[in-house]
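Below is one structure, written out as structure tokens; the observations come after it.
Residue numbers start from 1 in every chain, and the chains themselves are labelled A, B, ... in the order their sequence lines are given, proteins ahead of strands. What you see below is based on every heavy atom in this structure, not just the backbone, and it leaves out hydrogens, waters and symmetry mates.
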2 protein chains.
Amino acid sequence: MNPPCAHIIDDDEAIRDALQWLFKTRDVACATWPSAESFLDAVQPDWRGCAVLDIRMEGMSGLECFDALRARGNQLPVVFITGHGDVPMAVAALKKGAFDFIEKPFNDSDLVDVVMRALETDAVRQRADATRETVEARLALLTAREQEVMELILAGKFNKVIADELNISMRTVEAHRSKVFEKMEVRSAVELAQLVNLVRGRPAA
Amino acid sequence: MNPPCAHIIDDDEAIRDALQWLFKTRDVACATWPSAESFLDAVQPDWRGCAVLDIRMEGMSGLECFDALRARGNQLPVVFITGHGDVPMAVAALKKGAFDFIEKPFNDSDLVDVVMRALETDAVRQRADATRETVEARLALLTAREQEVMELILAGKFNKVIADELNISMRTVEAHRSKVFEKMEVRSAVELAQLVNLVRGRPAA
DNA sequence: GGCGGCATTGCGGAAGACCACAATATTGCA
DNA sequence: TGCAATATTGTGGTCTTCCGCAATGCCGCC
């Protein structure tokens with residue numbers, strides 16, 4: 001798996017070099033890209049780290065690059081750097097989920113701190129994604145009937161009640177329940193609830 | 001309980017009047033305040049709705065007002081209005097949880113749409129808060145030992161295992177378990193898990 | 001037509017959870 | 001000192017869940 005890396009994307013070579021130098025002095029692994037297009041051409045789904053984007057660039061802008069990343073399902077944290085105060089742009093970017101917005105001139109240490117926090121946030125997200133994918137893979141193994149039974153288990157209902165609601169025998173519920181536990185790799189309904197809640201957010205109140 | 005209301009906070013009377021008129025034409029209940037101080041003096045914890053704040057005001061600024069609200073635990077959504085592009089201020093406010101940031105001159109309809117979404121967001125938050133308070137009140141009824149037993153139940157463990165881990169008899173675990181279910185007003189471990197997860201966010205992976 | 005997967009069901013038994021009744025010991029407080 | 005709350009435990013019983021063994025029927029596919 002790729003190690004985490006801060007991707008510096010700026011059409012200004014001097015800026016790229018300066019940021020690369022700055023990050024290296026703080027032991028932050030980084031790569032530079034002269035344009036949004038070049039980065040998007042190269043970026044792989046399994047890359048970890050963050051992107052540091054100049055918001056105004058020749059060709060594709062920083063915001064367009066951000067939109068393109070999200071459109072392809074890439075969740076790398078993105079830190080914007082801009083030279084000109086532009087409130088609607090900053091607001092739009094943050095509301096779309098940009099990690100942070102840094103205005104020039106900036107304090108070098110502040111930028112590096114933001115980037116390091118972005119890298120850590122990405123590490124946490126990747127671990128959460130791995131867990132979610134595991135759970136979703138297991139959920140995908142369930143037949144339609146097993147899913148129905150599982151939902152009623154998660155609703156806290158007893159087997160007898162589930163049997164009544166699905167108009168099947170209690171033994172059938174037992175059989176499905178057993179299969180659900182086996183496929184989800186749990187040993188109790190509580191374990192099942194905790195596991196499924198990892199990928200569903202909070203259960204409905 | 002107070003009905004939801006959009007609080008207009010601006011030291012410029014003309015702005016207050018204009019916004020009040022605008023909101024009224026769209027049937028948005030609102031109140032006006034000539035200063036952040038006057039609003040903070042009056043605001044009550046049970047108020048619902050949102051605050052529409054000018055960011056630059058005589059005396060206490062919009063950001064200071066926002067900080068003061070959050071400092072006293074008030075979670076009303078806050079929409080900032082500003083006349084001057086100021087990226088760090090906008091970024092700082094959004095990262096602190098401001099609902100939105102509108103720059104003058106703005107489209108009337110856009111502002112009203114944002115305010116209506118803020119009001120809806122507050123309604124959702126209030127319902128979630130009510131639920132959380134109910135659950136937390138029940139959790140507060142548990143003795144220390146009951147809490148210990150509950151944690152192990154939520155970890156999916158069988159009574160026998162819990163007894164071994166706590167060095168008590170299985171009958172004692174049964175007794176505590178029964179009390180936990182009674183106080184939390186649930187009938188099964190799954191219901192308990194779902195209820196507690198409402199206030200704890202996602203269970204640990 | 002046969003096969004495999006899935007859904008369904010029953011029987012019998014073991015394991016786990018729940019509960020009523022009953023009891024003792026500890027601790028903090030009035 | 002007495003009382004109430006909490007913690008603890010046992011006995012006996014019921015209810016729920018789990019599981020092995022055994023079986024039939026439906027459906028889609030080769």
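Salt-bridge check for E146(B) with R138(B): failed, with every basic side-chain N at 4.0 Å or more from each acidic carboxylate O. Comment: R70(A) does not engage D67(A) in a salt bridge, judged by the lack of any side-chain N to carboxylate O separation of less than 4.0 angstrom. For K179(A) and E182(A), the salt-bridge test passes: some basic side-chain N is under 4.0 Å from an acidic carboxylate O. Comment: R177(B) does not engage E174(B) in a salt bridge, judged by the lack of any side-chain N to carboxylate O separation of less than 4.0 angstrom. Between R117(A) and E120(A) there is no salt bridge, since none of the side-chain N atoms of the basic residue sits less than 4.0 Å from a carboxylate O of the acidic one. In this structure, D113(A) pairs ionically with R26(A), as a charged nitrogen and a carboxylate oxygen lie closer than 4.0 Å.
Whole-Å rounding puts the L192(A) CG to dT17(D) P distance at 14 Å. The nearest whole Å value for the distance from the NZ atom in K183(A) to the C1' atom in dG5(C) is 10 Å. Rounded to whole Å, atom P of dT8(D) lies 10 Å from atom CD of E146(B).
Taking only side-chain nitrogens and oxygens, T143(B) never comes nearer than 4.0 Å to OP1 or OP2 of dA5(D).
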Summary of protein contacts for nucleotides 8-18 of chain C, nucleotide by nucleotide, where a base hit scores B, a sugar-phosphate-only hit scores S (4.0 Å, heavy atoms) = SBBB----SSB
